[in-house]
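Just so it is clear, the structure is predicted and the values come from calculations on it, not from any experiment. Reminder, nothing fancy here: chain letters follow the sequence lines and each chain counts from 1.
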Number of protein chains: 2
Amino acid sequence: MEEKLQLKSQVCFPIYSLSREIINRYRPFLDELDITYPQYLVLMVLWENEVQTVNQIGEKLNLDSGTLTPLLKRLEAKELIHRCRRRSDERVVEITLTEKAGSLKNKAVLVPEKVVKDIGLTIEDLEDLKRIVTKILNKTKKSLP
Amino acid sequence: MEEKLQLKSQVCFPIYSLSREIINRYRPFLDELDITYPQYLVLMVLWENEVQTVNQIGEKLNLDSGTLTPLLKRLEAKELIHRCRRRSDERVVEITLTEKAGSLKNKAVLVPEKVVKDIGLTIEDLEDLKRIVTKILNKTKKSLP
DNA sequence: CACAATTATATTGTGCACAATTTTATTTCC
DNA sequence: GGAAATAAAATTGTGCACAATATAATTGTG
């Protein structure tokens, strides 16, 4: 019993720890762009497809409206997005990028490689990590109720 | 540039995503014990060593007092820990487990394997994941300023 | 011994996450 | 066409994370 409860034998703790650690490494670079990591993720989703509903963004990031609504309002306050209800269905809020967000993209694209270099990760590290994490993420989705 | 900014080519997003996913899988089991995942981590640290200061807990979990102080007060309110200033140095708050926390341990020890089974992870998944995540965590620590 | 520097924790403020509930709009089905 | 069911966001409330600052005790130094 003792062994099972030791932090070092836990599976989730290293992942939880690494997730926070990497986000902390992103912080100084994202501070320069005046955005947070979750805001950066939302912008990435939008850079891939410039018009999306709150729901569509939420599905891609696994975040609900309770998280997204205030986050999107902050992005709107920074003038990086517009929030506008769809004329044909007023329940839906469509999110679009502003020009300011477009010009941010040039700087944003450089951030991940800066972080990787900063930490000192190799291509092998990244590929190993991504392969196993993606594999397990797929299992978590398949095993849903 | 397009490719670099796609969510699927990001390193951190899968880890951030997996971390939240696993914590969500822990939730139903931890709900039965009436604790959260971060509270569970603090208890694990204490089950390894029954008397520790706030600082010692923070070092093991990489959490600061801004996070730990309110969390520890909630654990105290649940009567799982005691908080007591050290007589010989009043700056230090020593955290000790209550008997109630001791009896929780028997149930807590079973949680991780339930989660692993629930998701459908194999021993190989776990070992692969832990090996690469730990390797990268070590790099992040070595590369600190 | 006094006082500056250090140490340990607490406080404050912002921003996620997520559950539960509410609001408003749209469909569906008699 | 109107009530019930459904759908999309928003709201509310709790609990982390983390930066910045404050508070209080201890230690080091002249």
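- The nearest whole Å value for the distance from the CZ atom in A:R20 to the C1' atom in C:dG15 is 15 Å.
- A:D31 comes within 4.0 angstrom of nothing in the nucleic acid, heavy atoms only.
- Atoms CG (A:L63) and P (D:dA8) sit 17 Å apart, rounded to a whole Å.
- Side-chain N/O atoms of A:S65 and base N/O atoms of D:dA10 include a donor-acceptor pair closer than 3.5 Å.
- As judged by a 4.0 angstrom heavy-atom cut-off over every strand, A:S88 is placed among residues touching the sugar-phosphate backbone only.
- Taking a pair to require two hydrogen-bonding distances under 3.5 Å in either a Watson-Crick or a G-U wobble arrangement, D:dG30 pairs with C:dC1.
- At the phosphate of D:dA17, OP1 or OP2 sits under 4.0 Å from a side-chain N or O atom of A:Y16.
- The phosphate of C:dA10 (OP1 or OP2) has a side-chain N or O of B:T69 nearer than 4.0 angstrom.
- For DNA chain D, the neighbouring residues in residues 72-87 of chain A, judged by any heavy atom under 4.0 Å, are A:K73, A:R83, A:R85.
- Remark on DNA chain C: of its neighbouring residues A:I23 and A:D89, the 5'-side contact belongs to A:I23, judged by nearest-heavy-atom nucleotide.
- Between B:F13 atom CZ and C:dA17 atom P the separation is 11 Å, expressed in whole Å.
- Heavy atoms of A:T67 sit under 4.0 angstrom from at least one base atom.
- Rounding to whole angstrom units, CG of residue A:D64 and C1' of D:dA9 are separated by 11 Å.
- Rounded to an integer number of Å, the gap from CG of B:L30 to C1' of C:dC18 is 15 Å.
- The side chain of B:V54 lies closest to C:dT9, out of C:dT9, C:dT7, D:dC18.
- In the set D:dC16, C:dT26, C:dT6, the nucleotide with an atom closest to the side chain of B:R91 is C:dT6.
- Side-chain N or O atoms of B:K78 include one that pairs as donor or acceptor with a backbone N or O of B:D34 at under 3.5 Å.
- The side chain of A:V92 lies closest to D:dA8 when the candidates are C:dA10, D:dA8, D:dA17.
- Residue-level contact check: A:T36 touches the backbone only, with heavy atoms under 4.0 Å from sugar-phosphate atoms and none from bases.
- Cation-pi geometry between B:R20 and B:Y16 is satisfied (NZ or CZ under 6.0 Å from the ring centre, within 45° of the ring normal).
- Here D:dC18 presents its P atom at 13 Å from CZ of A:R25, a figure rounded to the nearest Å.
- For C:dA19, the OP1/OP2 oxygens have a side-chain nitrogen or oxygen of B:R27 closer than 4.0 Å.
- Comment: A:R83 engages A:E76 in a salt bridge, judged by a side-chain N to carboxylate O separation of less than 4.0 angstrom.
- Residue B:Q39 places none of its side-chain N or O atoms closer than 4.0 Å to OP1 or OP2 of D:dG15.
- For B:N55 and C:dT7, the shortest distance from a side-chain N or O to OP1 or OP2 is not below 4.0 Å.
- The pair B:D128-B:R131 meets the salt-bridge criterion, with a side-chain N (NZ, NE, NH1 or NH2) lying under 4.0 Å from an Asp/Glu carboxylate O.
- For B:N55, the side-chain contact (heavy atoms from CB on, under 4.5 Å) criterion is met by B:T53, not counting sequence neighbours.
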